[in-house]
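Written below as C-alpha cells is the structure these notes are about.
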Amino acid sequence: MDSYLHRGQRRQLIDELRARGGYDEKVLAVMANVPRHAFLDSSFHGWAYKDEAFRIGCEQTISQPSTVAWQTTELELLPRQHVLEIGTGSGYQAAVLSLLGGRVFTVERHKPLYRKAKLTLKKLRLDRIRLYLRDGSKGLPELAPFDRILATAGAAAVPPALREQLKVGGIMVIPVGPDGEEQSMLKIRRVSETEWTEEELGGCRFVPLVVS
Ligand code: SAH
C-alpha cells in the first residue's frame, strides 16, 4: 500500500511541519508513519502529502495535516487513554490517535464514510479502533467517561453531552463558532465534577458538526 515515493513525500511534509515549530515530536513521528494517501481516493494520491484538506465524499473533508498535528498536539494524549473522536471522516485522525497508543472510539454520522473508514483502518491493521455510526454530538454515553475528546467538526457551541462525558482531569479539543464563519479552537479541561476551564487556541475552519 505504501511506496518509496509516498514515503519520501511524507517525510518532506513532516519536515515542513517540524520546521514551523509548535508540534509535539511524538505526533510528528506517528504522522510520518501513517500513509495518508490510503485514506483518499486514488485520484488524490499525488497530492496526499500536501498540507491541504481534500474531499472524501458526503461533502466532507479530511483535515489538513497541519490541523491534525495541531489538534493532536493540544490533546496531550497519553498511551492507553480512552479517546473519543467526533467525526471519523476518512479515519486518518483516528489512525494517528491509535498509533500514539490511545484506545480510540470514533463516531461518524454518514454511513458511506463510516464503512469506508472501517475498511481502510482494517487494511492498515488498525482494527483496535472502535467505529460507531451515530450522532456524535451526544457522545458515547455507554462508554463514558473519556480521558480525551477530540471534535474534528465545528460546533456552534460545545455539546453539553461531550462536557459531561469528559473525565475529571481530562482534555477536550473542539472547534467552536457560528455556522459559516471562522471558528475558534477551544481546549477545555474538566477540573472538577462541576467546573471546566477553557482556553482559546486560535482561528480555524472545519465542516459543521451537525447537531440533531
Ligand atoms: N477526522 C476526519 C475529518 C473529519 S471531517 C479525518 O481524519 O478524515 C468531519 C466529519 O464529522 C465529517 O465526516 C462529518 O460527517 C462528521 N460529523 C459532523 N457532524 C457529526 C455528528 N453530529 N456526529 C458524527 N459525525 C459528525
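Order of listing sets the numbers, starting from 1, for every ligand and every atom in it.
- With rounding to the nearest 0.5 Å, the separation of NZ in K122 from CG in L131 is 12.0 Å.
- Of all protein heavy atoms, the one lying nearest to atom 13 (O) of ligand 1 is E108 OE1, 2.7 Å.
- Among protein heavy atoms, the minimum distance from atom 25 (N) of ligand 1 is reached at R109 N, 3.3 Å.
- Following chains of ILVMFWY side-chain contacts shorter than 4.5 Å, one can reach W70 starting from V83, so the two form part of one hydrophobic cluster.
- At a heavy-atom cutoff of 4.0 Å, ligand 1 is contacted by the backbone of T61 but not by its side chain.
- Tracing side-chain contacts under 4.5 Å through hydrophobic residues (I, L, V, M, F, W, Y), one reaches F146 starting from W196; they form part of the same cluster.
- Of the heavy atoms in V207, only side-chain atoms (C-beta onward) come closer than 4.0 Å to ligand 1.
- Taking a 4.0 Å cut-off on heavy atoms, K138 fails to register as neighbouring ligand 1.
- Ligand 1 places these atoms under 4.0 Å from at least one heavy atom of V107: 24 (C), 25 (N).
- Defined by atom type and a distance below 3.5 Å, a donor-acceptor pair is present between the side-chain atoms of E85 and T106.
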task: Please assess K116 against E108 for the test salt bridge (charged side-chain N to carboxylate O under 4.0 Å, His left out), listing each intermediate value before the final yes or no.
output: CA-CA 11 Å; K116 193 154 181 237; E108 172 57 55; over 6 Å; no
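- The nearest protein atom to atom 23 (N) of ligand 1, hydrogens excluded, is given as G136 N, 2.7 Å; this is a heavy-atom distance.
- Looking at atom 12 (C) of ligand 1, its nearest protein heavy atom turns out to be Q60 OE1, 3.2 Å.
- Using a 4.0 Å cut-off to heavy atoms of S137, the atoms of ligand 1 that qualify are 22 (N).
- Aromatic ring orientation, H37 versus H45: perpendicular (interplanar angle above 60°, classes split at 30° and 60°).
- A pairwise comparison of heavy atoms in P35 and L124 identifies CG-CD2, 3.7 Å as the closest pair.
- Using a cutoff of 4.0 Å between basic side-chain nitrogens and carboxylate oxygens, K187 and E199 are not scored as salt-bridged.
- From the protein, the heavy atom lying nearest to atom 8 (O) of ligand 1 is S90 OG, 2.6 Å.
- Around atom 2 (C) of ligand 1, the closest heavy atom drawn from D135, I86, T88, I62 belongs to T88.
- For E195 and R189, the salt-bridge test fails: no basic side-chain N is under 4.0 Å from an acidic carboxylate O.
- With 3.5 Å as the limit, one finds a donor-acceptor pair spanning the side chains of Y49 and R10.
- In this structure, R55 places its CZ atom where only 12 or fewer heavy-atom neighbours from other residues, nucleotides or ligands lie under 6.0 Å away.
- When heavy-atom distances to ligand 1 are checked against a 4.0 Å cut-off, V68 has no atom that comes that close, whether in backbone or side chain.
- Residue L75 holds its CG atom at 8.0 Å from CD of Q93, rounded to the nearest 0.5 Å.
- Close to ligand 1: P208, with a non-hydrogen atom less than 4.0 angstrom away.
- When T152, L133, L150, T120 are ranked by how near their heavy atoms come to atom 4 (C) of ligand 1, first place goes to T152.
- Near R134, with a cut-off below 4.0 Å to any heavy atom, the atoms of ligand 1 are 23 (N), 24 (C).
- Residue-level proximity to ligand 1 for E85 is carried by the side chain, the only part with a heavy atom below 4.0 angstrom.
- Ranking protein heavy atoms by distance to atom 7 (O) of ligand 1, first place goes to Q93 N, 3.0 Å.
- Considering only non-hydrogen protein atoms, atom 10 (C) of ligand 1 sits nearest to G87 CA, 3.6 Å.
- Here the heavy atom of the protein found nearest to atom 22 (N) of ligand 1 is V210 O, 2.5 Å.
- Residue contact check: L113 has heavy atoms under 4.0 Å from atoms 13 (O) of ligand 1.
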